Amino acid sequence: MPHDTPLISTIVGGLVLAFIFGAFAHRLRMPPLVGYLIAGVLVGPHTPGYVADQNLAPELAEIGVILLMFGVGLHFSLKDLLSVRGIAVPGAIVQIAFATLLGWGLGAFMGWSTGGSLVFGLALSVASTVVLLKALQERRLVETERGRIAVGWLIVEDLAMVLALVLIPAAASIGGEGHAPVEPLSAGLSRLFGLDLGIGGMIAMTLVKVALFVALMLVFGRKLIPWTMHRIAHTGSRELFRLGVLAIALGVAFGAAKLFGVSLALGAFFAGMVLAESELSHRAAQESLPLRDAFAVLFFVSVGMLFDPNILIDKPLPILATIFIIVIGKSVAALLIVLAFKKPLSTALTISASLGQIGEFSFILAALGVELGLLPEEGRDLILAGAIISIILNPLLFFLCDRMRPLLDGAKREDVVADPAPAAEAIAAQEEMPPEDDEVHPTALSGHSILVGYGRVGSIVGQNLKSSATPFLVIEDSDKRIGELKAQGIETLSGNAVMRETLDLANLSGARSIAIAIPNAFEACRIVEQARSVNPSILIVARAHSDAEVDELKQYGADTVIMGEREIALGMVDRLAQVHHESVPYEDGHEPDTIMPTDGPPPERE
């Protein structure tokens with residue numbers, strides 16, 4: 001059996017180099033995706049040495065896009081999508097039109113045809129699915145209002161690009177600038193009935209097919225897909241369940257593209273969204289996560305493979321103009337649009353940073369434009385260079401937004417403090433004001449407990465803290481849970497506890513204890529490390545799923561680490577002992593700081 005196959009060598013070469021340069025970039029305090037892009041440049045045809053297969057790499061990367069959008073759909077309900085339609089639909093349309101106009105102007109200035117300039121502008125107007133979603137997921141913003149607006153904006157852009165991919169060949173054929181196959185359904189109707197539907201007919205057919213796909217998913221898919229996953233789960237086979245998740249994600253995406261003409265990413269998104277209504281959605285997201293991350297890395301590698309570094313020397317001014325349109329023009333337009341809808345400045349900054357890059361749809365449009373003879377190859381090279389550089393700059397935009405947000409919040413707090421109104425009147429006025437989705441203020445608590453995460457474990461801890469009258473606050477990033485906590489009168493900070501700014505708002509230095517109830521051991525270790533460095537005397541309690549995680553958390557400074565499986569076993573042994581040995585005490589052989597399960601009320605505080 002030959003070992004030097006294009007598929008294996010492309011996967012191995014891409015992942016190994018991505019790991020090496022991603023780790024090196026992380027060491028230099030840069031985003032790992034910078035290393036992934038550099039790895040792609042090194043295995044591309046424009047640099048000496050090994051060259052990966054340029055046809056296989058983008059196809060592998062497309063699998064990552066499908067799985068990523070499927071995962072987002074699992075956390076994004078139809079209600080969430082409809083809740084942001086008022087800003088996502090008009091905002092995306094205006095932003096696309098503005099960026100396309102800027103790109104058209106640059107293309108016309110460089111002497112390109114009108115069709116080529118419009119294709120160039122459209123390619124610069126649409127953001128990358130992978131880059132935007134990874135940025136939101138790293139900051140745990142997908143379930144916040146900012147994240148919902150950004151994802152809804154992205155869905156509208158995808159729909160617009162699906163329509164553009166149908167219209168561009170038709171416009172090229174009618175305008176005499178090129179020849180391309182027309183939309184299949186309208187062509188079939190023309191042959192059967194002798195009708196020339198033209199561009200209007202093609203647009204109508206495209207919209208009908210998209211609407212038919214959405215209706216099919218909402219009417220039949222939302223019943224069939226959850227029912228199928230429940231049947232698979234009842235078999236008790238984790239292998240079959242994982243395979244079922246992948247089959248649904250990839251199968252629906254591929255079927256949607258072939259039968260209805262929508263993008264693979266959009267089809268996968270709707271598949272995840274209808275499965276989100278099932279209680280198995282959380283498990284499905286966990287099962288697809290490893291492959292999702294691996295193929296997302298291949299996406300960045302495939303982007304890097306397309307980049308020719310020589311263009312930085314040959315076309316410096318056009319590249320700067322292209323980057324200006326992508327990073328500055330689009331971002332400023334999005335910022336002003338969100339502010340026009342009366343959203344907080346922090347929300348506008350997040351949306352504008354999310355859209356300040358281009359990606360996979362841009363490459364598809366560029367390839368189509370060159371194939372039809374509309375866009376010169378120079379335009380494709382500028383689009384690729386703009387994509388690479390904007391993806392590298394995108395984490396910097398988010399970093400600047402994260403740094404600006406506390407300053408903006410601080411300025412608002414100074415305005416409030418400057419008002420000499422009595423404290424009671426200020427509190428009453430604050431309660432009467434409508435809450436803003438992203439306003440975060442520092443706590444006034446001291447000597448309190450900080451609870452990180454309010455899921456299945458955190459909610460039990462929180463209710464016990466509340467019943468024992470222990471002053472505490474919760475750090476949570478899910479809007480749904482934050483709303484429930486506020487309804488219960490529990491003080492909550494919206495954000496990610498990994499970020500130092502969030503812990504500072506929780507008054508970590510003045511707290512007596514912190515309970516880290518999130519299941520992610522990597523984030524928990526980072527929180528433990530920061531908590532111990534800021535407050536050496538604080539009590540740190542964390543959770544783990546293995547002995548290795550217990551050791552790692554204690555190494556970073558945790559005082560007590562609770563391993564869930566061990567506590568479940570001890571609870572079972574305790575109950576069995578009550579029946580078989582009349583509650584004879586037993587020993588577990590572990591450290592004395594292990595917390596025993598109990599069905600009674602929480603112990604009184606000393």
Side-chain angles (χ1 to χ4, degrees), residues 140 440-478 481-482 484-486 488-545 549-564 566-567 570-571 590-606:
R140 303 176 74 177
V440 180
H441 301 286
T443 181
L445 294 176
S446 181
H448 59 294
S449 179
I450 300 173
L451 175 58
V452 180
Y454 204 77
R456 290 175 297 178
V457 175
S459 59
I460 297 175
V461 177
Q463 292 302 322
N464 276 266
L465 290 172
K466 183 178 181 180
S467 62
S468 62
T470 303
F472 76 102
L473 63 85
V474 178
I475 298 178
E476 179 58 60
D477 59 0
S478 171
R481 291 172 183 166
I482 290 173
E484 295 173 353
L485 288 166
K486 289 182 177 179
Q488 299 176 28
I490 298 176
E491 184 174 353
T492 310
L493 283 177
S494 174
N496 189 350
V498 175
M499 300 180 64
R500 177 65 179 272
E501 293 82 1
T502 304
L503 292 176
D504 290 340
L505 292 173
N507 189 20
L508 179 62
S509 59
R512 293 186 61 184
S513 64
I514 179 171
I516 305 171
I518 58 176
N520 190 319
F522 294 103
E523 293 186 358
C525 288
R526 178 61 178 161
I527 297 170
V528 169
E529 183 181 23
Q530 294 190 83
R532 184 60 67 202
S533 63
V534 173
N535 189 344
S537 61
I538 193 172
L539 171 66
I540 302 177
V541 182
R543 60 180 288 196
H545 294 286
E549 290 183 1
V550 172
D551 296 337
E552 188 176 12
L553 285 164
K554 289 196 172 184
Q555 182 179 358
Y556 276 96
D559 296 294
T560 302
V561 181
I562 314 300
M563 192 170 78
R566 180 189 301 164
E567 299 307 318
L570 293 179
H590 294 287
E591 298 179 1
D593 60 3
T594 301
I595 296 178
M596 299 297 297
T598 177
D599 294 328
E604 297 182 358
R605 292 175 56 85
E606 296 181 0

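On a predicted model such as this, the values are computed, not experimentally measured, just so you know. Scope of the values below: all heavy atoms of this structure, side chains included, with no hydrogens, waters or symmetry mates.
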Heavy-atom closest pair, residues [X] and [Y]:
X	Y	answer
Ala517	Arg543	O-NH1, 2.9 Å
Asp559	Lys554	O-CE, 4.3 Å
Ile516	Ala524	CG2-CB, 3.9 Å
His448	Ala506	NE2-O, 2.9 Å

Would Val498 and Ile527 count as a side-chain contact (heavy atoms from CB on, under 4.5 Å) if you check the C-alpha gap in whole Å, the side-chain angles of each, and the deciding distance to 0.1 Å? CA-CA 5 Å; Val498 175; Ile527 297 170; 4.2 Å; yes
Would you check, one step at a time, whether the test salt bridge (Lys or Arg N to Asp or Glu O under 4.0 Å) holds for Glu529 with Arg526? CA-CA 5 Å; Glu529 183 181 23; Arg526 178 61 178 161; 3.4 Å; yes
Is it the case that the side chains of Thr502 and Asp504 hold a donor-acceptor pair, with the cut-off being a distance below 3.5 Å and no angle test?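 On atom types as modelled, these side chains do not qualify, holding no pair under 3.5 Å.
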With a cut-off of 3.5 Å and sequence neighbours excluded, list every side-chain donor-acceptor pair involving residues 449-459.
| residue | atom | partner | partner atom | Å |
| --- | --- | --- | --- | --- |
| Ser449 | OG | Ser513 | OG | 3.0 |
| Tyr454 | OH | Gln463 | NE2 | 2.8 |
| Ser459 | OG | Gly455 | O | 2.7 |
| Ser459 | OG | Arg456 | O | 3.2 |

Pairwise side-chain contact, [X] with [Y], heavy-atom cut-off 4.5 Å (strictly under):
X	Y	result
Leu508	Ile538	yes
Leu553	Ile540	no
Leu473	Leu493	yes

Look only at the side chain of Arg512 and the backbone of Ser537, and say whether a donor-acceptor pair between them is shorter than 3.5 Å. no
Side chain of Asn535, backbone of Ala531: donor and acceptor closer than 3.5 Å?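 Flag not set: sc Asn535 to bb Ala531 has no pair under 3.5 Å.
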Is any NZ, NE, NH1 or NH2 atom of the basic residue among Arg481 and Glu484 found under 4.0 Å from an Asp or Glu carboxylate oxygen of the other? no
Find the distance between CG (Leu445) and CD (Glu491) and round it off to the nearest 0.5 Å.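 Going from CG on Leu445 over to CD on Glu491, the span is 4.5 Å.
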Listed by chain and number, what are the side chain to side chain contact (heavy atoms under 4.5 Å, CB included) partners of Glu549, not counting sequence neighbours? Ala521, Ala544, His545, Ser546
Might you work through the side-chain contact (heavy atoms from CB on, under 4.5 Å) test for Phe472 and Lys466, ending with a clear yes or no? CA-CA 8 Å; Phe472 76 102; Lys466 183 178 181 180; 4.0 Å; yes
